[in-house]
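Numbering starts at 1 and runs along the sequence shown.
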Amino acid sequence: MTELTPEWAFSEIDRQAMRWALEEAKAALLAGEVPIGAVLLSPFGDILGRAGNRRERDRDPTAHAEILVLRQAGHARGQWRLEGCTLYVTVEPCAMCSAACVMARLESVVWGAPDPKAGFAGSVANLLADPRLNHRVAWRGGLAAGEATALMNAFFAKLRGSG
């Protein structure tokens with residue numbers, strides 16, 4: 001199991017950004033998507049991107065919330081390098097999204113609920129801190145984990161017909 005960051009270690013900016021990410025996750029849930037939301041902040045706290053999952057609506061296997069906000073932020077900044085930026089995401093990023101965070105040169109990732117089956121920011125493996133890669137991304141996990149987990153549980157219970 002991934003070691004989660006204690007609640008007291010998160011700032012008010014972290015909490016606000018995660019609230020925005022949770023809003024995106026809730027909107028994704030209402031649209032029939034896996035309820036994962038993400039927000040990307042500049043080093044100055046400006047929102048450069050915010051999105052929820054859109055894989056079903058876009059019929060795109062790469063339309064994860066994290067990928068969508070990285071694309072938005074690249075356009076907003078006018079470049080692919082997102083140095084100094086922090087990604088907030090409601091669930092631990094998968095391998096694709098963790099690798100994209102490294103490639104975008106993010107400063108850090110803050111995630112909510114761990115994903116013991118597919119999380120590549122500490123659970124299954126940790127691409128964010130892999131010394132074999134050319135960049136490492138700081139990360140903290142566990143912010144608003146209960147709320148993020150509840151959204152995921154509600155989605156999958158409905159999918160199974162038990163919710």
pair [X]-[Y]: side-chain heavy atoms closer than 4.5 Å:
X	Y	value
Thr90	Trp111	no
Thr149	Met152	no
Ile67	Arg71	yes
Cys85	Leu48	yes
Glu83	Glu107	no
Thr86	Leu106	no
Leu127	Leu133	yes
Leu151	Val91	no

Verify the neighbour count for atom NE2 of His75: are there more than 12 heavy atoms of other residues, nucleotides or ligands below 6.0 Å?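 No, NE2 of His75 has 12 or fewer neighbouring heavy atoms, counting only those of other groups under 6.0 Å.
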Going through the distances and angles, do Val34 and Phe155 end up as a side chain to side chain contact (heavy atoms under 4.5 Å, CB included)? CA-CA 7 Å; Val34 175; Phe155 175 80; 3.6 Å; yes
Kindly work out whether a path of hydrophobic side-chain contacts (I/L/V/M/F/W/Y, heavy atoms less than 4.5 Å apart) joins [X] to [Y].
X	Y	answer
Val137	Leu68	no
Val124	Leu4	yes
Trp80	Met96	no

Verify side chain to side chain contact (heavy atoms under 4.5 Å, CB included) between Lys26 and Glu147, making sure each step is shown before the conclusion. CA-CA 10 Å; Lys26 290 172 188 173; Glu147 191 170 351; 3.0 Å; yes
[X] with [Y]: basic N within carboxylate O range, under 4.0 Å:
X	Y	value
Arg57	Glu33	yes
Arg50	Glu24	yes
Glu92	Lys117	no

If you measure from [atom1] on [X] to [atom2] on [Y], what distance do you get to the nearest 0.5 Å?
X	Y	atom1	atom2	value
Cys101	Leu128	SG	CG	6.0 Å
Leu22	Arg19	CG	CZ	9.5 Å
Trp20	Ile47	CH2	CD1	4.0 Å
Arg54	Arg59	CZ	CZ	11.0 Å
Leu87	Trp139	CG	CH2	14.0 Å
Leu143	Phe10	CG	CZ	4.5 Å

Closest heavy-atom pair and its distance - [X], [Y]:
X	Y	result
Ala28	Pro35	CB-CA, 4.3 Å
Thr5	Arg140	OG1-CB, 3.3 Å
Asp130	Arg136	O-NH1, 3.5 Å
Pro43	Arg77	CD-NH2, 3.4 Å
Leu70	Ala104	CD2-CB, 4.1 Å
His64	Cys97	ND1-SG, 3.4 Å

Donor-acceptor pair, [X] side chain versus [Y] backbone, under 3.5 Å?
X	Y	result
Glu66	Val89	no
Arg55	Asn53	no
Asp14	Ser11	yes

